[in-house]
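Quick notes on the structure that follows.
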Amino acid sequence: MKKRLCSLIGNSIASCMKGDVFPEAPLPPFEVEPPKEKAHGDYATNAAMVLASAVRKNPRMIAGAIVEHLEDPRGWIEKIEIAGPGFINFFMKPATWAELLLDVDELGERYGSSDMGQGKRVQVEFVSANPTGPLHIGHGRGAVVGDVIASLLSATGHKVSREYYINDAGNQMDTLGRSAYLRYRELLGEEIVYPGECYQGSYIIDLAREIVEKRGTEFLEKDEKECIPFFRDYAGSSILEGIKEDLRVFGIVFDEYFNESELYREDGVRKILEDLEQKGFIYREGPTLWFRTTGFGDEKDRVVIRENGEPTYFAADIAYHLNKYGRGFDRVIDIWGADHHGYIPRMYAGIQALGYSREALEVVLVQLVNLLREGKPVAMSTRSGEFVTLREVVDEVGKDGARYNFLMRRSNSHLDFDLEIAKKQSNENPVYYVQYGHARICSILRTAAEKGFPLPRRGEVNPGLLVLPEETDIIRTIDRFPELVEGSVKALEPHRIPFYLNDLAAQFHSYYNKCRVISEDRELSLARLFLVNCVGLTMRNALGILGVTAPEKM
RNA sequence: GGGCGAUUAGCUCAGAUGGAUAGAGCGUUGGCCUCCGGAGCCAAAGGCCCUGGGUUCGAAUCCCAGAUCGCCUACCA
């Protein structure tokens with residue numbers, strides 16, 4: 001609808017300029033938005049006001065001219081008013097709104113999708129937790145945000161790859177191996193002083209027990225150094241498999257798992273550093289190599305090769321991002337925990353030194369999660385290994401509840417996740433409100449079919465009968481869904497979708513309580529069934545983007 | 001000390017590129033099916049949008065300063 005109006009207004013302004021009503025001027029961007037106040041019509045534009053300074057005329061006079069020259073060949077508009085400092089308010093005919101449903105119905109599950117991205121290739125990297133322990137609740141939020149951003153991108157015509165980066169090269173993997181090794185010996189009766197820097201979680205003991213069962217005591221006779229690689233690889237791959245399984249249960253499947261160790265093949269990292277050194281971005285200080293990130297606005301330079309000769313994670317990250325661009329992505333999006341925000345400037349510096357623009361990397365920060373139970377914080381400490389795993393949460397509250405709750409806040413703000421509320425099957429839990437609406441719609445359609453009202457098709461329905469204000473309101477909400485998806489993608493803000501769903505569900509529930517869909521009036525019943533089906537369809541599409549199910553019964 | 005983010009109803013939070021009288025959920029209070037699903041609906045109460053300046057036709061939104069809170073500030077991973 002908005003697009004239709006924009007073109008009418010644009011044409012009118014053009015004919016005003018040609019007709020010398022006001023001088024030719026470059027058309028500044030103007031808004032056509034639904035005003036908050038209903039008395040101001042379905043849409044309002046500030047076109048006259050933004051034109052005022054350009055053509056040096058009074059905004060109200062310009063508005064008058066625009067209205068006078070506006071042509072409406074299809075008769076969409078009921079009336080137009082000029083208000084306030086120069087707003088033009090448009091009142092559409094109810095039937096104009098209702099006709100939009102025909103398009104919605106025809107698009108079906110494609111409604112809300114677009115080709116905005118024009119097939120651009122986008123990589124979204126998220127989670128990327130080290131395989132040294134199971135995913136915990138904090139990873140869950142980043143996982144869903146990344147997954148839904150990826151879904152939004154693919155709904156808008158991007159070609160998306162979901163990638164998980166595995167830090168499998170650092171010495172924390174050796175620590176993992178050593179942890180399992182020590183627990184192994186402990187299980188076999190040795191007195192062990194378990195070091196604080198080793199992983200504390202009980203899952204290490206479980207892994208050690210598995211190894212005891214499979215391999216017996218064979219490692220007791222060998223030297224620790226000989227044993228570590230086995231324990232490291234066994235624990236690492238076993239934990240990674242667990243992570244993949246937890247993600248799958250959570251509804252997340254990656255296209256690509258990228259191993260950090262690949263970057264080191266054929267001395268890849270070192271070659272990149274040499275190249276950067278030649279270009280003057282890197283300098284030496286004894287055995288240490290420093291990256292001059294301050295040249296790109298970072299607050300201090302960063303080490304890439306440590307005094308002991310080992311590269312830092314930053315060095316690997318530079319190589320990794322170069323690798324990403326080398327794979328031909330048009331856009332690269334990283335989802336990071338907010339505790340990494342200090343890395344942003346140096347990462348920007350890194351890619352700029354590599355010759356890419358700052359815009360080539362988009363970083364979405366996801367704030368940490370406060371896990372609560374009945375309003376009280378759940379104690380968590382990674383050090384002691386006492387954390388609540390993602391799997392536990394998903395098992396307790398369900399995939400839908402967990403995903404929806406993670407998505408209800410802007411990524412950038414802290415999130416309280418209350419286990420008891422997320423588990424409640426009541427109005428306190430927002431996901432049920434929406435799902436219930438969808439189930440209710442399905443129920444109406446079932447009942448209607450039983451009573452001899454099959455879902456009408458295009459051509460069998462007269463949308464002109466949908467003239468109640470409540471009906472037009474719902475159609476308005478349905479109509480803005482595609483813009484909402486686009487806006488959500490542009491801003492990389494998935495939380496807008498749950499808010500939208502809540503609005504849509506509220507309008508539907510209210511309508512349901514006020515008006516009967518199925519009545520004696522066959523024509524009207526068919527029209528309303530058609531409307532209600534469009535609501536359900538929009539809900540399904542929106543929930544689909546969120547990876548939350550749209551149940552037909554609850 | 002420096003950097004980043006936050007600050008909007010009792011609580012948790014929305015308010016995209018500045019727009020007309022500030023929004024939702026929860027909680028509180030009071031109502032609503034002989035009926036297509038009451039996991040729902042309706043109504044009421046509840047606000048110095050942290051403070052002070054500035055920018056302009058117009059500011060919760062943009063700029064500057066300050067206050068409070070959180071996070072970051074490793075040759076850790």
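So you know, we letter chains A, B, ... as the sequences are listed, proteins then strands, and number each from 1.
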Expected output is a numbered-order residue list: members of residues 480-493 of chain A with a heavy atom under 4.0 Å from any atom of RNA chain B. What is it? E493(A)

Which residues share a ring-ring contact (aromatic ring centres under 6.0 Å, His included) with F530(A), sequence neighbours left out: none

Listed pairs, N/O of protein and of nucleotides 69-72 of chain B, under 3.5 Å:
none

Given 3.5 Å as the limit, does a donor-acceptor pair link the side chain of Q200(A) with the main chain of C198(A), or not? yes

Just the rounded figure in Å: distance from C1' of rC13(B) to CG of D416(A). 10 Å

By ring-ring contact (aromatic ring centres under 6.0 Å, His included) - contacts of H139(A) (at least two apart): H136(A)

Under a 3.5 Å cutoff, is there a donor and acceptor pairing between the side chains of Y343(A) and D317(A)? no

Touch class at under 4.0 angstrom, heavy-atom based, for D418(A) against every strand present: nothing

Donor-acceptor pair under 3.5 Å: do we get one between N89(A)'s side chain and the base of rA20(B)? yes

For rA65(B) and rA22(B), measure between their P atoms and round to the nearest Å. 30 Å

Any side-chain N or O of Y500(A) below 4.0 angstrom from OP1/OP2 of rA16(B)? no

Nearest-Å distance, CD1 (I441(A)) to P (rA39(B))? 16 Å

Nearest to the side chain of N502(A), heavy atoms from C-beta on, is which of rA24(B), rC75(B), rA14(B)? rA24(B)

When the distance from CG of N370(A) to P of rG5(B) is rounded to whole Å, what number comes out? 20 Å

Among all residues two or more places apart in sequence or in another chain, which pass the side-chain contact (heavy atoms from CB on, under 4.5 Å) test with E493(A)? R410(A), A491(A), H495(A), R496(A)

D298(A) meets the side-chain contact (heavy atoms from CB on, under 4.5 Å) criterion, sequence neighbours left out, with T293(A), R302(A), P345(A), R346(A)

CD of Q507(A) versus P of rA24(B): gap in Å, rounded? 12 Å

Considering only side-chain heavy atoms of E307(A), which listed nucleotide, rC75(B), rG37(B), rA14(B), is closest? rC75(B)

When we call it a touch if two heavy atoms are under 4.0 Å apart, what does A439(A) touch: a base, just sugar-phosphate, or nothing? base

Whether T175(A) contacts rC76(B) is assessed here as follows: a side-chain N or O lying under 4.0 Å from the phosphate OP1 or OP2. Is that the case? no

E420(A): which residues meet the salt bridge (charged side-chain N to carboxylate O under 4.0 Å, His left out) condition with it, sequence neighbours left out? R373(A), K423(A)

Near RNA chain B, under 4.0 Å by heavy atom, which residues of residues 508-527 of chain A? H509(A), S510(A), Y512(A), N513(A), C515(A), R516(A), V517(A), I518(A)

Scan R410(A) against the nucleic acid and name what it touches under 4.0 Å (heavy atoms): base, sugar-phosphate only, or nothing. sugar-phosphate

Rounding to a whole Å, what distance do you find between R409(A):CZ and rC11(B):C1'? 11 Å

Spacing of F417(A) atom CZ relative to rC13(B) atom P, expressed in whole Å: 14 Å

Are any side-chain N or O atoms of E486(A) and backbone N or O atoms of P482(A), one a donor and one an acceptor, separated by less than 3.5 Å? no

For rG37(B), take OP1 and OP2 only and decide whether either is under 4.0 Å from a side-chain N or O of S443(A). yes

Sequence neighbours excluded - salt bridge (Lys or Arg N to Asp or Glu O under 4.0 Å) pairs with any residue from residues 133-144 of chain A: none

Return no unless some side-chain N or O of R306(A) is found under 4.0 Å from OP1 or OP2 of rA74(B). no

Would you say a side-chain N or O of R446(A) is under 4.0 Å from OP1 or OP2 of rG37(B)? no

Grab the CZ-P distance between F314(A) and rC76(B) for me, whole Å please. 15 Å

Examine the base of rC75(B) for any acceptor or donor lying under 3.5 Å from a partner atom in the side chain of T288(A), and report the outcome as yes or no. yes

The criterion is ring-ring contact (aromatic ring centres under 6.0 Å, His included); which residues satisfy it with Y404(A), sequence neighbours excluded? none

Mind checking D503(A) for me? I need base, sugar-phosphate or nothing, with any heavy atom below 4.0 Å counting as a touch. nothing

Return all side-chain donor-acceptor pairs below 3.5 angstrom for residues 510-519 of chain A, not counting sequence neighbours, or 'none' if the list is empty.
unit_1  : atom_1 : unit_2  : atom_2 : d
Y511(A) : OH     : E471(A) : OE2    : 2.6
Y511(A) : OH     : R528(A) : NE     : 3.3
N513(A) : ND2    : H509(A) : O      : 3.0
K514(A) : NZ     : E470(A) : OE2    : 2.6
R516(A) : NE     : I518(A) : O      : 3.3
S519(A) : OG     : D521(A) : N      : 3.3
S519(A) : OG     : S525(A) : OG     : 3.3

R302(A) CZ to rG3(B) C1', in whole Å, measures 10 Å

Hey, where does RNA chain B pair up into stems, meaning at least three consecutive Watson-Crick or G-U pairs with distances under 3.5 Å? B:1-7 with B:67-73, B:10-13 with B:23-26, B:28-32 with B:40-44, B:50-54 with B:62-66

Base, sugar-phosphate alone, or nothing: which one does F499(A) contact when heavy atoms must sit under 4.0 Å apart? sugar-phosphate

